[in-house]
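All ligand and atom numbering here is 1-based and tracks the order in the structure.
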Amino acid sequence: MASFSEISFAGQRVLVRVDFNVPLDENYNVTDNTRIRAALPTIKKLVGDGAKVILMSHLGRPKGAPNVKYSMAPVRARLAELAPGVELLENLRFNPGEESNNPAFVSQLINGIDMYVDDAFGAAHRAHASIVGPSKTLPSAMGRLLQKEVEVLSTLRNNPKHPFVAVLGGSKISDKLGVVEALLNVVDSLVIGGAMCFTFLAAQGYSIGDSLFEPDQVDTCKRLLSLGKPIHLPEDIIGLDADGKYATYGRRLPPGAKGFDIGPGSAAAFTDIIMESRTVFWNGPMGMFEDERFAGGTRTVAQAMADTKAFTVVGGGDSAAALAQFGFDDQVDHVSTGGGASLELLELGDLPGLAALREAPNAR
Ligand code: 3PG
Ligand code: MG
């Protein structure tokens with residue numbers, strides 16, 4: 001396939017799949033426009049070439065029916081400030097044909113269109129109509145954001161500089177099991193924080209009080225711990241005791257206590273590992289950082305990501321939001337716009353959206 005930069009889109013009607021699934025506040029204002037800004041290099045090239053640009057995206061999960069709560073209007077308003085004169089279709093998921101990948105919906109989308117560009121990395125793991133449909137018949141290309149994301153994440157998966165450490169947090173190990181197993185084949189060590197650490201600590205026989213954990217994943221964690229790759233777990237925990245009072249613990253939590261963050265000792269140990277690595281991938285906060293009492297672990301890891309000389313990649317909405325909240329988002333090498341998509345690409349090495357582009361008429 002000719003690369004996006006080599007194609008001239010002059011005079012073409014170009015349909016561009018973007019991922020403008022952005023957070024909105026209660027008044028439907030866009031609270032984070034990162035995903036809109038991330039598509040600007042692609043939009044600018046197309047507009048600069050003299051193309052007619054038509055963008056399309058989903059927003060939230062309206063389940064196949066129009067719903068004013070998920071209208072694209074606020075996103076369109078923000079887009080108009082950043083890229084005036086560019087069209088944005090209504091929420092694709094207002095039509096049930098989007099998620100069911102209905103050929104009739106694809107035909108409706110590509111009616112009158114000359115070329116398709118996919119720049120929706122954050123949604124490239126969904127085999128939906130707008131992602132896998134247009135490239136069946138239209139000449140297609142990968143937009144600049146999608147290309148950059150694939151380059152960076154494929155390098156982590158296939159050819160990282162060692163030592164390579166993956167720092168994982170968030171609440172559920174079950175959501176990330178596939179990627180944890182895939183990462184264990186390529187990393188030199190794993191660092192585990194966030195609520196998922198309690199399932200690992202339980203697997204090691206520590207008492208975890210009333211902390212969130214996944215009882216049905218304890219055996220899985222035991223197996224992961226026995227594979228021989230170093231898995232670093234927190235050595236201290238911050239949380240609330242049985243009376244709801246702020247407390248710091250070692251690895252053992254008393255009955256009734258709940259852990260909400262890694263402690264300062266763990267944060268320092270994790271910092272050392274990040275500083276000594278040459279590649280770091282971070283996904284998932286270390287604690288409940290939205291609450292200032294439990295933000296310390298995540299802030300320290302974010303600071304280490306900014307300070308290390310390692311090549312640093314952050315994937316996932318929550319860790320990206322934490323990084324931005326603490327002001328370090330411009331100090332890491334790559335902040336992925338995809339959460340699920342970045343994990344699935346690391347796990348499987350391919351995504352439905354990428355496979356579809358390889359089948360485009362101009363790629364075969
Ligand atoms: C995301 O925000 O993760 C992507 O836009 C995909 O959205 P989805 O999980 O609703 O498919
Ligand atoms: Mg750096």
Original post:
Under 4.0 Å between a Lys/Arg side-chain N and an Asp/Glu carboxylate O for R35 and E149?
Top reply: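 Answer for the salt bridge query: no.
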
Original post:
Thinking salt bridges, do R223 and E181 make one under a 4.0 Å N-O criterion?
Top reply: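 Result for this pair is yes, salt bridge flagged.
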
List below, pair by pair, the N or O atoms of ligand 1 and of the protein that are less than 3.5 Å apart, including the distance to 0.1 Å; reply 'none' if no pair qualifies.
{"from": "ligand 1", "atom 1": "2 (O)", "to": "N21", "atom 2": "ND2", "distance (Å)": "2.9"}
{"from": "ligand 1", "atom 1": "2 (O)", "to": "R35", "atom 2": "NH1", "distance (Å)": "2.9"}
{"from": "ligand 1", "atom 1": "2 (O)", "to": "R35", "atom 2": "NH2", "distance (Å)": "3.2"}
{"from": "ligand 1", "atom 1": "5 (O)", "to": "D19", "atom 2": "OD1", "distance (Å)": "3.1"}
{"from": "ligand 1", "atom 1": "5 (O)", "to": "D19", "atom 2": "OD2", "distance (Å)": "2.8"}
{"from": "ligand 1", "atom 1": "5 (O)", "to": "N21", "atom 2": "ND2", "distance (Å)": "3.1"}
{"from": "ligand 1", "atom 1": "5 (O)", "to": "R35", "atom 2": "NH1", "distance (Å)": "3.4"}
{"from": "ligand 1", "atom 1": "5 (O)", "to": "H58", "atom 2": "NE2", "distance (Å)": "3.0"}
{"from": "ligand 1", "atom 1": "7 (O)", "to": "H58", "atom 2": "NE2", "distance (Å)": "3.2"}
{"from": "ligand 1", "atom 1": "9 (O)", "to": "R61", "atom 2": "NH2", "distance (Å)": "2.7"}
{"from": "ligand 1", "atom 1": "9 (O)", "to": "R126", "atom 2": "NH2", "distance (Å)": "2.8"}
{"from": "ligand 1", "atom 1": "10 (O)", "to": "R61", "atom 2": "NE", "distance (Å)": "2.8"}
{"from": "ligand 1", "atom 1": "10 (O)", "to": "R61", "atom 2": "NH2", "distance (Å)": "3.3"}
{"from": "ligand 1", "atom 1": "10 (O)", "to": "R93", "atom 2": "NH1", "distance (Å)": "2.8"}
{"from": "ligand 1", "atom 1": "11 (O)", "to": "R93", "atom 2": "NH2", "distance (Å)": "2.7"}
{"from": "ligand 1", "atom 1": "11 (O)", "to": "R126", "atom 2": "NE", "distance (Å)": "2.6"}
{"from": "ligand 1", "atom 1": "11 (O)", "to": "R126", "atom 2": "NH2", "distance (Å)": "3.4"}

Any donor-acceptor N/O pair, [X] side chain to [Y] backbone, under 3.5 Å:
{"X": "R157", "Y": "E347", "answer": "yes"}
{"X": "E214", "Y": "S174", "answer": "yes"}
{"X": "S266", "Y": "D236", "answer": "yes"}

Original post:
Are F260 and F289 near enough that their ring centres are under 6.0 Å apart?
Top reply: no

